[in-house]
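Down below is the structure, laid out as structure tokens.
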2 protein chains.
Amino acid sequence: MKSIQVYQCFCDETRLRILNLLLVGPMCVCHFSEVLGVPQPKVSRHLKALREAGALESKRCYNWTICSLPEAPSALLEVNLKCLQDLRSEEPVFKKDLKKREALMGRLLNQAEELPGQMRCLIEGC
Amino acid sequence: MKSIQVYQCFCDETRLRILNLLLVGPMCVCHFSEVLGVPQPKVSRHLKALREAGALESKRCYNWTICSLPEAPSALLEVNLKCLQDLRSEEPVFKKDLKKREALMGRLLNQAEELPGQMRCLIEGC
DNA sequence: TGCGAATATTCGCTTAAACGAATATTCTGT
DNA sequence: ACAGAATATTCGTTTAAGCGAATATTCGCA
């Protein structure tokens with residue numbers, strides 16, 4: 001039963017936090033690690049799980065791997081991503097993560113001359 | 001994170017099949033066992049999980065325990081029950097279960113004089 | 001009160017998830 | 001080709017889920 005795969009994605013807090021961040025826009029692996037305060041291998045494994053369930057797409061861009069929500073999500077996924085968005089107000093972690101994301105992005109934009117390629121990928125969608 | 005509980009409910013095929021049946025109307029524990037072809041203790045444990053996640057209500061009616069979907073489901077649950085309904089056409093098991101349910105209900109109605117109390121509960125909502 | 005049907009729970013086991021730590025791989029720029 | 005940054009994978013362990021079999025509990029009725 002294929003839809004179970006989607007539900008399994010949503011059963012883990014770290015994965016929910018990743019999806020919550022992606023609802024705002026693409027991010028790269030190392031930034032998940034930083035924003036969530038979670039070790040990189042852990043992030044990597046969860047990203048793999050999301051990818052295999054069709055809940056995430058990623059592409060290499062210079063030395064970053066930029067992750068985003070799938071362009072054509074399944075109906076089930078789409079509905080639950082919407083739910084996740086609505087859940088933001090109830091879950092302080094989500095809001096906290098978004099704040100950290102914003103701060104990180106601001107910092108990155110300041111150094112943008114030093115990492116032009118990746119930033120272009122991230123901002124303009126490469 | 002409370003919503004994870006809801007998603008965990010939807011991660012198990014047996015539970016999905018139970019919910020699918022309940023979308024049509026209330027059922028009692030022993031009938032789940034019969035319709036799904038699953039041992040009673042297994043059904044009982046899954047019902048407990050659903051109950052604890054707020055995805056099921058049940059009340060004793062004579063010697064039956066009649067289960068139904070909650071009157072006031074959470075938004076998250078409601079949305080996903082709707083999805084489950086849409087999934088019916090893609091999952092043969094669901095349709096097969098519904099057929100068996102229908103057959104069972106017909107049979108029960110024929111013996112209705114012998115079990116008036118429970119049937120009233122089941123049909124009229126007690 | 002005691003019997004039987006319906007339901008719930010416990011026990012021991014098996015399987016699957018998740019994790020940290022360490023390591024391997026991939027890629028970019030020099 | 002090499003060094004270093006970013007990412008992925010492996011290993012061994014821990015924790016959680018699910019299961020069948022057996023047993024306990026609950027409840028209606030004679």
Side-chain angles (χ1 to χ4, degrees), chain A residues 1 4-5 7-18 26-53 56-68 104 108 111 113-122 126, chain B residues 1 4-18 26-53 56-68 104 108 111 114-122 126:
Chain A
M1 195 159 310
I4 289 183
Q5 226 184 345
Y7 287 118
Q8 270 168 342
C9 275
F10 282 77
C11 280
D12 182 272
E13 176 162 332
T14 304
R15 288 196 289 269
L16 286 184
R17 289 171 71 193
I18 289 174
M27 282 182 69
C28 110
V29 181
C30 57
H31 299 148
F32 283 123
S33 186
E34 182 174 345
V35 169
L36 302 178
V38 155
Q40 174 269 323
K42 181 171 168 177
V43 167
S44 200
R45 266 173 311 196
H46 282 301
L47 291 176
K48 184 182 182 184
L50 289 169
R51 211 177 291 122
E52 286 173 352
L56 181 130
E57 289 171 355
S58 57
K59 62 182 170 216
R60 191 85 185 197
C61 212
Y62 296 81
N63 57 342
W64 285 359
T65 295
I66 296 188
C67 302
S68 50
L104 171 63
L108 285 176
Q111 327 166 333
E113 327 88 61
E114 299 163 33
L115 16 106
Q118 300 100 319
M119 284 308 290
R120 204 178 322 123
C121 289
L122 197 49
C126 199
Chain B
M1 193 157 310
I4 290 183
Q5 229 184 343
V6 175
Y7 287 119
Q8 270 168 342
C9 275
F10 283 76
C11 280
D12 182 272
E13 176 162 332
T14 304
R15 289 197 289 270
L16 286 184
R17 289 171 71 193
I18 289 174
M27 281 182 70
C28 109
V29 181
C30 56
H31 299 148
F32 283 123
S33 185
E34 183 174 342
V35 168
L36 302 178
V38 156
Q40 174 269 323
K42 180 171 168 177
V43 168
S44 201
R45 267 173 311 195
H46 282 303
L47 291 176
K48 184 182 183 184
L50 289 169
R51 212 176 291 122
E52 286 173 351
L56 180 132
E57 289 171 355
S58 58
K59 61 181 171 217
R60 190 84 185 197
C61 212
Y62 296 81
N63 58 342
W64 285 359
T65 296
I66 297 186
C67 302
S68 50
L104 172 63
L108 286 175
Q111 328 166 331
E114 297 162 36
L115 17 105
Q118 301 100 318
M119 283 309 289
R120 205 177 321 124
C121 289
L122 197 50
C126 199

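Within every chain, numbering begins at 1; the chains are lettered A, B, ... in the order of the sequence lines, protein sequences first and strands thereafter.
For the pair B/I66/B/M27, no side-chain contact is recorded, criterion being any heavy-atom separation below 4.5 Å from C-beta on. Annotation: side chain of A/S68 is not in contact with side chain of A/L56 (no heavy-atom distance under 4.5 Å).
Looking at heavy-atom distances under 4.0 Å, A/T65 makes contact with sugar-phosphate atoms alone, never a base.
Sorted by first then second residue, the salt bridge (Lys or Arg N to Asp or Glu O under 4.0 Å) pairs that include residues 34-44 of chain B, not counting sequence neighbours, are B/E34-B/R107.
For A/F10, the ring pair (Phe, Tyr, Trp, His ring centres under 6.0 Å) partners at least two apart in sequence or on another chain are B/Y7.
For the segment residues 32-41 of chain A, residues with any heavy atom less than 4.0 angstrom from an atom of DNA chain C are, sorted by number, A/P39, A/P41.
A donor-acceptor pair is defined here as one N or O able to donate and one able to accept, closer than 3.5 Å; such a pair exists between the side chain of B/R15 and the backbone of B/Q8. A donor-acceptor pair is defined here as one N or O able to donate and one able to accept, closer than 3.5 Å; no such pair exists between the side chain of A/Q5 and the backbone of B/C11.
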Which atoms of nucleotides 11-18 of chain C (N or O only) lie under 3.5 Å from a protein N or O atom, and what are those distances?
unit_1, atom_1, unit_2, atom_2, d
C/dA18, OP1, A/R15, NH2, 3.1
C/dA18, OP2, A/R15, NH1, 3.4

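Bracketed by its first and final contacts, the part of DNA chain D lying under 4.0 Å from non-hydrogen atoms of chain B reaches from D/dA17 to D/dC29 in 5' to 3' order.
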### Full working for side-chain contact (heavy atoms from CB on, under 4.5 Å) between B/Y62 and B/L115
CA-CA 9 Å; B/Y62 296 81; B/L115 17 105; over 6 Å; no
### Query
For every nucleotide of nucleotides 25-30 of chain C, 5' to 3': is a protein heavy atom under 4.0 Å from its base (B), only from its sugar-phosphate (S), or from neither (-)?
--SSS-
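A side chain to side chain contact (heavy atoms under 4.5 Å, CB included) with A/T65 is found for exactly one of A/S44, A/S58, A/C28, A/C30, namely A/S58.
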